[in-house]
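In what follows, a structure is listed as structure tokens, so that the remarks can point back to it.
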Amino acid sequence: MNLNNTNFLNGLNKNQSKAVQHFEGPLLVVAGAGSGKTRALTHRIAHLIVEHNVDPSEIIAVTFTNKAAREMKDRLEILLAKRMAESQLLKPWSSLESIEKNEFRSKIYRQINQELWIGTFHALFAKLLRYDIEKYKDKEGLSWTRFFSIYDEKDSLSLVKEIILQDLQLDPKRFDPKKIRWSISNAKNKGILPEQLERDAESQRIKVIAQVYNLYRKALSANNSLDFDDLLLIPVQLLKQNHQVREYWHQRFKHVLVDEYQDTNWTQYELIKLIVSNGKNPSEFKNWEKRSVFVVGDADQSIYSFRAADFRILMSFQNDFDNSTDSKVSNSLVKLEENYRSTSTILEAANCLIENNKERLDKVLRATRGKGELIKLTKCDDEIAEAEAVVHRLRIINAGDETFSWGDVAVLYRTNAQSRVIEESLVRWNIPYIVVGGLRFYDRREIKDIIAYLKLLINPSDSVSLLRILNVPKRGIGKTTIQKFNDAAAELGVPLWEIVSDPEAIRSLGGRSAKGLLEFQELLTYLKNKVDQFAPSELVQLVMEKSGYISELIATATDEAEERRRNLQELVNAALQYQEDNETANLEGFLASAALASDADNKDTNSDRVTLMTLHSSKGLEFPIVCLVGLEQGLFPSYRSLDDPSSLEEERRLCYVGLTRAKERLFLFHALERRLWGGMREPSIASNFLTEIPSDLIEGDLPLSGGTSLRRERNFERLTRIDRHNNNFDSRQSSTLSPSNAVRKTFSGPMPGQSWSIGDKVVHSFFGTGQITHVFGKEEKISLAIKFDGMSPKILDPRLAPIKLIKDN
DNA sequence: CCGAATTTAATTTTT
DNA sequence: TTAAATTCGG
């Protein structure tokens with residue numbers, strides 16, 4: 001291809017160029033926030049193709065989200081189209097008509113992008129499995145066909161539930177399906193199979209989990225279905241056991257690139273190794289000729305350990321892949337330490353915060369921009385006041401700045417549940433906004449229903465989907481009928497579909513449900529005949545109409561039904577979009593993209609709306625203005641991280657991610673009390689993270705920093721008020737208190753120098769007795785996590801809260 | 001078998 | 001507060 005008049009190094013700094021020019025062998029790019037890592041990645045791919053003449057089909061690039069993949073493809077397309085146009089027409093890209101630009105882009109798309117494997121681990125290995133899953137030989141004889149369905153979390157949970165309730169008849173109170181599903185997922189992400197889990201089981205409980213796991217795997221196979229974890233685990237096993245398959249993919253993917261390497265888990269790491277070094281120990285792998293593995297990541301932004309990600313994989317990359325003992329540091333590591341995104345104030349705050357972590361790879365992040373404004377901290381009475389304060393800030397900025405756009409703003413929070421209050425305030429003030437994340441589009445009931453029909457058309461063994469739609473819309477097929485059929489299927493060891501579609505079985509039933517079943521069977525036969533002749537979007541439409549789903553919604557005639565109809569129309573649009581993006585569109589492909597899509601993928605980036613999202617989904621994005629809300633102990637950091645230093649460090653990294661999203665201005669908020677689920681107010685104390693940011697970078701209501709704050713006054717007031725109303729507090733408790741406590745209780749306020757430790761029992765004048773589960777901070781900054789009977793753990797400041805220690809003996 | 005009414009549990013974070 | 005699960009009357 002004739003693209004040689006320019007190279008892809010223009011406008012890159014020294015280390016970025018070094019990364020882009022890397023050709024053979026392993027390279028770790030440690031890339032801090034805002035240091036231009038996506039740029040390095042895309043430019044390197046372009047460089048490989050153009051300068052090193054690498055065939056696009058030999059490149060595999062793994063991203064963390066679909067959105068990142070799409071962005072990379074887009075940027076690559078523009079990059080290459082630009083070079084192609086400029087070398088052919090000898091005039092600058094910007095002088096081209098947009099129709100010309102598009103022509104070049106579509107040329108690049110067909111010649112190059114179509115060949116590249118760019119996507120998430122899940123999407124790419126699902127694609128690989130469509131080729132090779134039938135070659136997989138399971139030790140227990142389990143197998144899958146290339147028409148497998150992909151189960152999302154809900155589907156797989158319903159399967160686990162069924163096993164726990166029906167097959168094993170366990171008490172779901174003792175064996176919570178959600179927790180067990182989670183344990184299974186964890187095992188899968190570590191590459192552990194049921195037999196090993198059973199063998200290493202240290203408790204009866206784990207044995208039971210292994211048993212469920214075992215049945216669950218069998219059920220998945222019987223349904224010809226895979227869960228998210230299988231999309232990675234099955235390829236690992238397949239590549240390990242089948243030399244030919246492994247050899248093929250090893251030869252094919254000569255250049256492997258991984259983005260967000262700090263968030264890879266064990267299974268993903270195995271996959272990389274298998275492909276890169278063909279199953280050999282990668283540190284002994286020598287044949288790097290025209291091959292490379294190129295990973296980009298930042299250990300400080302590792303925030304997915306709950307999904308079994310382990311940033312030590314990143315930290316040991318050089319040990320794993322680089323066998324050139326002499327020049328390790330210079331040859332297989334490049335650091336991008338210049339931040340082009342944030343003001344130096346924001347950056348310094350983030351740097352100081354993250355320095356509190358112990359487990360880190362040495363790295364600094366240097367500012368390239370001016371100081372900018374101070375960070376503003378706002379203390380609010382409760383979560384409603386917090387939301388109002390956010391909106392108030394934004395309105396002030398909006399009024400004072402002509403160039404301001406609502407799209408410049410992101411409001412970030414720790415949990416999805418926090419979005420609602422903010423939304424209410426935004427609605428009240430008529431500010432346009434969009435919530436990303438939360439409930440996935442494809443998780444909506446009506447969408448899942450239609451998708452279930454489509455899955456069934458391709459994969460009749462998929463009983464989870466079958467059960468979902470057998471009586472949706474209503475066909476008079478009730479619980480008892482379904483149970484009967486289900487039992488029969490289990491007994492005969494055949495998929496439920498075989499029974500449901502068996503005329504004999506139907507005839508053995510009474511008239512009412514038989515009619516419905518015949519109807520259903522006819523419908524599916526009719527639809528099945530259409531699969532090959534119609535595009536996915538047409539099939540969606542067809543299912544919606546012929547199943548009677550739409551007419552039922554019309555008949556219902558409520559606002560909710562109307563909304564559902566609109567969503568279904570969106571599904572048709574999604575299918576159309578999919579067809580546009582993929583020349584080789586088919587129903588399997590559409591279903592896979594639906595299963596692996598996330599809500600964040602569909603975010604419309606250039607609309608003039610405030611973006612609301614969790615800190616997790618903000619990773620990789622940037623905004624001129626960031627509002628970070630809910631900075632309170634127990635919320636952020638989450639109370640579940642308080643008893644575990646490494647989780648707390650992960651929360652801190654999450655905070656680091658949040659701070660570094662901001663380019664110009666950063667606003668922090670915390671509330672003094674918060675309603676959790678519409679019920680009781682919970683007192684909250686400011687997040688310890690706030691105290692880790694140097695106070696000279698912040699203006700506003702500094703937390704816990706001496707002086708008499710409003711918060712203290714209020715809490716003292718509450719303390720005395722409770723004591724007044726509860727005047728039998730002392731006398732009621734005194735009989736159970738030891739003498740030393742009897743002395744202590746003569747203090748009327750908080751006790752100075754009191755020491756608290758985990759396990760201590762305390763009595764609270766309002767919550768009753770509880771036990772300390774965690775102590776964090778000390779002296780001025782101390783706070784306690786206390787579990788009271790029948791309540792979620794509370795985070796309290798012992799110097800302010802009306803609590804007293806009880807001696808155990 | 002269906003739908004309405006009532007109760008219950010749930011809040012990290014996501015491919 | 002809300003969604004999902006359970007119960008009960010027709």
Side-chain angles (χ1 to χ4, degrees), chain A residues 62-69 119-126 150-154 156-158 161 165 172-173 176-178 182 185 188-189 226-232 260 263-265 267-268 302-309 412-421 424 436-440 442-445 471 473-483 510 512-513 515-516 556 560 592-601 613-619 630 634-642 647 650-651 653-655 657-658 674-680 682 792-793:
Chain A
V62 189
T63 58
F64 196 69
T65 61
N66 296 300
K67 199 174 138 219
T120 62
F121 271 105
H122 297 266
L124 293 174
F125 286 91
I150 298 171
Y151 279 179
D152 66 21
E153 216 35 66
K154 270 192 189 147
S156 85
L157 184 63
S158 79
K161 243 184 220 163
L165 264 49
K173 290 241 161 58
D176 177 7
K178 263 201 184 130
W182 192 82
S185 179
K188 284 188 170 185
N189 281 321
L226 301 176
D227 64 21
F228 287 153
D229 307 320
D230 288 330
L231 293 176
L232 309 177
E260 309 282 12
D263 285 319
T264 45
N265 63 33
T267 328
Q268 295 165 338
S302 160
I303 54 174
Y304 281 96
S305 73
F306 70 93
R307 231 172 64 193
L412 307 181
Y413 36 78
R414 177 67 240 265
T415 66
N416 278 307
Q418 287 169 259
S419 75
R420 191 149 47 88
V421 216
E424 282 166 8
V436 329
L439 78 150
R440 249 168 33 119
Y442 290 101
D443 278 343
R444 285 163 215 264
R445 205 215 302 173
N471 196 33
K474 308 245 145 52
R475 297 188 180 86
I477 305 167
K479 252 206 287 209
T480 39
T481 311
I482 291 173
Q483 185 70 45
R512 247 204 319 270
S513 39
K515 187 165 162 279
T556 315
E560 196 196 335
S593 81
L596 299 171
S598 78
D599 189 62
D601 297 336
M613 64 183 151
T614 62
L615 287 149
H616 279 88
S617 29
S618 77
K619 194 170 75 164
L635 181 61
F636 188 32
S638 150
Y639 68 93
R640 300 164 93 123
S641 70
L642 295 174
S647 310
E650 175 145 323
E651 295 283 309
R653 291 193 293 272
L654 189 56
C655 188
V657 167
R674 195 170 281 276
R675 269 187 213 80
L676 280 187
W677 19 265
M680 224 177 53
E682 307 246 347
S792 58

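All chains are named by letter (A, B, ...) in the order of the sequence lines, taking the proteins before the strands, and each is independently numbered beginning at 1. What you are looking at is a predicted structure, and each value in this text was computed from that prediction instead of being measured.
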Practice task
Find out whether A/Y413 and A/L635 are in side-chain contact, i.e. whether some heavy atom of one side chain is under 4.5 Å from a heavy atom of the other.
Solution key: no
Handout entry: A/H122 vs A/L232 side-chain heavy atoms within contact, under 4.5 Å
Key = yes
Fill in the blank from the handout: Paired to B/dT11 by Watson-Crick or G-U wobble criteria (both distances under 3.5 Å) is none
Problem - Nucleotide paired to C/dT6 in any strand shown, Watson-Crick or G-U, under 3.5 Å - result: B/dA5
Exercise for the section: Counting heavy atoms from C-beta on, name the nucleotide in B/dT13, B/dT15, B/dT11 closest to the side chain of A/A417. Expected result: B/dT11
Touch class at under 4.0 angstrom, heavy-atom based, for [X] against every strand present:
X      : answer
A/D152 : nothing
A/K619 : nothing
A/E650 : nothing

Handout entry: Atom pair distance, as rounded to whole Å: CD in A/Q418 and P in B/dT13
Key = 9 Å
Exercise for the section: With side chain to side chain contact (heavy atoms under 4.5 Å, CB included) as the test, would you mind laying out the steps for A/S638 and A/R414 before giving the verdict? Expected result: CA-CA 8 Å; A/S638 150; A/R414 177 67 240 265; 3.4 Å; yes
For [X] and [N], is the shortest distance between a side-chain N/O and OP1 or OP2 below 4.0 Å?
X      : N      : answer
A/N471 : B/dC2  : yes
A/N265 : B/dT15 : no
A/S617 : B/dT13 : no
A/N416 : B/dT13 : yes

Problem - Residue met sooner reading DNA chain C from 5', once A/K479 and A/R445 are mapped to nucleotides - result: A/R445
Handout entry: Nearest-angstrom distance, C1' atom, B/dT13 to C/dA4
Key = 22 Å
Completion exercise
Comparing A/T614 with A/R420, nearest DNA chain B nucleotide closer to 5' gives the residue A/R420
Fill in the blank from the handout: Assert: residue with more 5' nearest nucleotide on DNA chain B, out of A/T65 and A/K178, is A/K178
Handout entry: A/F64 and A/Y304 aromatic ring geometry - parallel, tilted or perpendicular at 30°/60° bounds
Key = tilted
Exercise for the section: Verify the stacking flag for A/Y304 against B/dT14: centroid separation must be under 5.5 angstrom and the ring planes must differ by under 30 degrees. Expected result: no
Fill in the blank from the handout: side chain to side chain contact (heavy atoms under 4.5 Å, CB included) with A/F121: of A/L231, A/D263, A/T264, only one passes, and it is A/T264
